[in-house]
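In what follows, a single structure is set out as structure tokens and then discussed.
Ligands are counted one by one from 1 in listed order, and the atoms in each one are counted from 1 as well.
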Amino acid sequence: MELRGKNCIVTGSGRGIGRAIALSLARDGAFVVVNGRKREDEAKETLRLVRDAGGDGTLVMADVSTRDGCRKVVDAVPGILHVLVNNAGLGLYSPFRDLKDEAIVRQVNVNFLSALYCTQEALAKMREGVVVNLSSITGLMPSPGLSVYGAMKAALISLTKTLAVELAPIRVNAVAPGVVSTKMGESLLDILGEGWERRNTLTGRVVDPEEVADAVKFLIRNDSITGEVLTLDGGTTLVGRLTRGERP
Ligand SMILES: NC(=O)c1ccc[n+]([C@@H]2O[C@H](COP(=O)([O-])OP(=O)(O)OC[C@H]3O[C@@H](n4cnc5c(N)ncnc54)[C@H](OP(=O)(O)O)[C@@H]3O)[C@@H](O)[C@H]2O)c1
């Protein structure tokens, strides 16, 4: 798929991975619906950068963990929707036994229901095209302290494979990054402790948001890939643990 003039949605694109994806699509000439929930200043900055990068777009501040929020985002698409990137996510670190209902429900809603609702709402405007879900290696390996987050990221992988079959010819893919240098990734690194990346990757460093954006664009552009989960984690799922020190 060529992206020039194509309509794209990137949920949660005020900063971090979502912003990197929005800019990457904009550099190829796409129209991007930028979305954030709280930080309008960050989302406005993403839209400015999208325009500077040679794309165009619009901004919708909406909570995509609700169906109404997803509907608002989809309504902003001028005509046919070609690309939906379900990127918005929230990780609340807590031991399983201490998890409170509010943290459980928010993580289910932001990490899983957002992708489910936005994909359903998007179908009204999609003929062919691509959906990419932001999963995580926490959906593939034990992630102590991130039980609900990881379970929802695993659920996204299941949803990706089933929807690839059910929604064809729309293609549905996912990426599963390791620890990425964003606000969310930095808070996780604070918990995992100094030098985690040296002990738990083969590359000796965390993943850049731009590397995730490259992977997402690859999955969008290659018309033969559907139902696929692309892991980019510097080898953490091969040799590492998502824990502080040697043992959980
Ligand atoms: N960073 C990592 O290490 C890592 C690794 C694997 C996977 N991921 C996944 O990659 C995605 C992006 O993560 P990130 O690291 O870029 O996170 P981030 O730096 O915390 O940015 C998250 C973005 O999503 C927006 N957002 C959060 N909840 C939202 C909601 N309900 N409705 C609309 N927008 C919402 C935030 O905007 P507001 O502040 O305005 O709400 C912000 O712009 C997430 O799905 C995350 O789970 C991250």
Side-chain angles (χ1 to χ4, degrees), residues 9-24 33-47 49 59-74 76 85-93 105-118 132-141 143 146 148-157 159-160 174-192 196-197 200-201 205-213 215-216 229-234 236-237 240 242:
I9 292 172
V10 185
T11 67
S13 41
R15 61 173 182 266
I17 296 170
R19 177 183 282 179
I21 295 168
L23 296 192
S24 167
V33 179
V34 173
N35 159 250
R37 183 181 66 100
K38 245 179 9 204
R39 294 292 304 269
E40 192 166 3
D41 55 329
E42 292 181 342
K44 277 185 170 159
E45 177 63 4
T46 300
L47 181 59
L49 293 168
L59 168 61
V60 181
M61 293 305 291
D63 180 353
V64 294
S65 70
T66 68
R67 186 175 286 282
D68 274 358
C70 290
R71 200 170 286 147
K72 256 176 93 178
V73 171
V74 171
V85 183
N86 287 314
N87 169 78
L90 174 74
L92 300 173
Y93 196 93
V105 170
R106 276 184 74 201
Q107 290 185 97
V108 169
N109 292 356
V110 181
N111 294 303
F112 181 64
L113 287 187
S114 63
L116 195 149
Y117 289 148
C118 283
V132 181
N133 294 320
L134 260 290
S135 180
S136 157
I137 58 167
T138 59
L140 300 170
M141 66 190 290
S143 315
L146 288 170
V148 178
Y149 176 82
M152 293 306 102
K153 294 301 186 182
L156 280 179
I157 290 173
L159 190 72
T160 298
V175 287
V179 179
V180 186
S181 53
T182 64
K183 191 173 172 193
M184 183 191 287
E186 297 301 336
S187 351
L188 179 58
L189 279 176
D190 283 346
I191 293 160
L192 293 174
W196 173 89
E197 64 275 21
N200 294 281
T201 66
R205 64 173 181 82
V206 297
V207 179
D208 286 332
E210 289 71 25
E211 292 174 315
V212 182
V216 168
V229 182
L230 183 49
T231 301
L232 60 154
D233 65 350
T236 299
T237 42
L242 281 170

At what distance is the nearest protein heavy atom to atom 43 (O) of ligand 1, and which residue and atom is it? G14 N, 3.2 Å
Please name all residues satisfying salt bridge (Lys or Arg N to Asp or Glu O under 4.0 Å) with E197, sequence neighbours left out, ordered by chain then number. none
Purely on distance, is any nitrogen or oxygen of T182 under 3.5 Å from one on ligand 1? yes
Should L188 be listed as contacting ligand 1, given a heavy-atom distance under 4.0 Å as the test? no
From S24 OG over to I17 CD1, what is the distance, rounded to the nearest 0.5 angstrom? 13.0 Å
Going from OG1 on T46 to CG on L23, what distance comes out if it is rounded to the nearest 0.5 angstrom? 6.5 Å
Check ligand 1 against N35 and write out every atom of the ligand that is under 4.0 Å from a heavy-atom position of the residue. 33 (C), 34 (N)
What atoms of ligand 1 come closer than 4.0 angstrom to any heavy atom of G185? 1 (N), 3 (O)
Does the side chain of L242 reach to within under 4.5 Å of the side chain of W196, using non-hydrogen atoms? yes
Find all atoms of ligand 1 within a distance of less than 4.0 Å from any non-hydrogen atom belonging to V179, and give their numbers and elements. 3 (O)
Would you compute the distance between atom NZ of K183 and atom CZ of R15 and round it to the nearest 0.5 angstrom? 4.5 Å
Heavy-atom contacts with D63 under 4.0 Å: which atoms of ligand 1 show up? List them by number with element. 30 (C), 31 (N), 32 (N)
If you have a sec, work out which protein heavy atom is nearest atom 8 (N) of ligand 1 and how many Å separate them, to one decimal? Y149 OH, 3.6 Å
When you measure from the heavy atoms of G69 to every atom of ligand 1, does any distance fall below 4.0 Å? no
Under 3.5 Å, side chain of E40 to main-chain N/O of M61, donor-acceptor pair present? no
Looking only at distance, does K38 have an N or O less than 3.5 Å from an N or O of ligand 1? yes
What I want to know is whether R39 and ligand 1 share at least one N or O pair that is separated by under 3.5 angstrom. yes
Give the intermediate values and the outcome of side chain to side chain contact (heavy atoms under 4.5 Å, CB included) for residues C118 and T11. CA-CA 9 Å; C118 283; T11 67; 4.2 Å; yes
Has ligand 1 got any nitrogen or oxygen that is less than 3.5 angstrom from a nitrogen or oxygen of N87? yes
Can you confirm, on distance only, whether ligand 1 has an N/O atom lying under 3.5 Å from any N/O atom belonging to G36? no
Look at atom 28 (N) of ligand 1 and say which protein heavy atom is nearest, naming residue and atom and giving the distance to 0.1 Å. V110 CG1, 3.8 Å
Distance under 4.0 Å to a non-hydrogen atom of S136: what atoms of ligand 1 satisfy this? 6 (C), 7 (C)
In sequence, state the C-alpha distance, the side-chain angles, and the governing distance for K44 and D41, and then conclude on salt bridge (Lys or Arg N to Asp or Glu O under 4.0 Å). CA-CA 5 Å; K44 277 185 170 159; D41 55 329; over 6 Å; no
CG-OG1 distance between L188 and T182, expressed to the nearest 0.5 angstrom: 9.0 Å
Atom 48 (C) of ligand 1 sits nearest the protein heavy atom I17 CD1, 3.7 Å
The option among A88, G139, A20 carrying the non-hydrogen atom nearest to atom 35 (C) of ligand 1 is A88
Side chains of P177 and L134, heavy atoms from C-beta outward: is any pair under 4.5 Å? yes
Using side-chain contact (heavy atoms from CB on, under 4.5 Å) as the criterion, point out the one residue from T236, V206, T201 that pairs with V179. V206
Using the test salt bridge (Lys or Arg N to Asp or Glu O under 4.0 Å), find all partners of E210 that sit at least two apart in sequence or belong to another chain. none
Looking at ligand 1, does any of its N/O atoms fall within less than 3.5 Å of an N/O of G16? no
When you measure from atom 37 (O) of ligand 1 to every protein heavy atom, which one gives the shortest distance, and what is it? R37 N, 4.0 Å
Per side-chain contact (heavy atoms from CB on, under 4.5 Å), I21 is matched among V132, V175, N87 by N87
In terms of residue, atom name and distance, what is the protein heavy atom nearest to atom 27 (C) of ligand 1? G89 O, 3.9 Å
Check for me whether T11 has a heavy atom closer than 4.0 Å to any atom of ligand 1. no
Would you say that L140 contacts I157 through its side chain, given a criterion of any heavy-atom pair below 4.5 Å between the two side chains? yes
Minimum side-chain heavy-atom gap K153-N111 below 4.5 Å: yes
What I want to know is whether V180 and ligand 1 share at least one N or O pair that is separated by under 3.5 angstrom. yes
Looking at atom 25 (C) of ligand 1, what's its closest protein heavy atom, distance included? G12 CA, 3.5 Å
Close approach, G178 and ligand 1, non-hydrogen under 4.0 angstrom: yes
I'd like to check whether K153 has a polar contact with ligand 1, where a contact means an N/O of the residue lying under 3.5 Å from an N/O of the ligand. yes
For the 3.5 Å polar cut-off, considering only N or O atoms, please tell me whether G18 and ligand 1 meet it. no
Looking only at heavy atoms of L90, does any of them come nearer than 4.0 Å to an atom of ligand 1? no
Before giving the answer on side chain to side chain contact (heavy atoms under 4.5 Å, CB included), spell out for S65 and L113 the whole-Å C-alpha distance, their side-chain angles and the decisive distance to 0.1 Å. CA-CA 6 Å; S65 70; L113 287 187; 5.9 Å; no
One should read off an interatomic distance between L156 CG and S114 OG, to the nearest 0.5 angstrom, of 7.0 Å
Under 4.0 Å to a heavy atom of K183 - the qualifying atoms of ligand 1, by number: 19 (O)
Atom 20 (O) of ligand 1: which protein heavy atom is closest, and how many Å away? R15 NH2, 3.2 Å
Could you tell me if any non-hydrogen atom of S135 lies under 4.0 Å from any atom of ligand 1? yes
Can you tell me how far the OG1 atom of T237 sits from the CG atom of N200, to the nearest 0.5 Å? 11.5 Å
Proximal atoms of ligand 1 relative to A62 (non-hydrogen, under 4.0 Å): 32 (N), 33 (C)
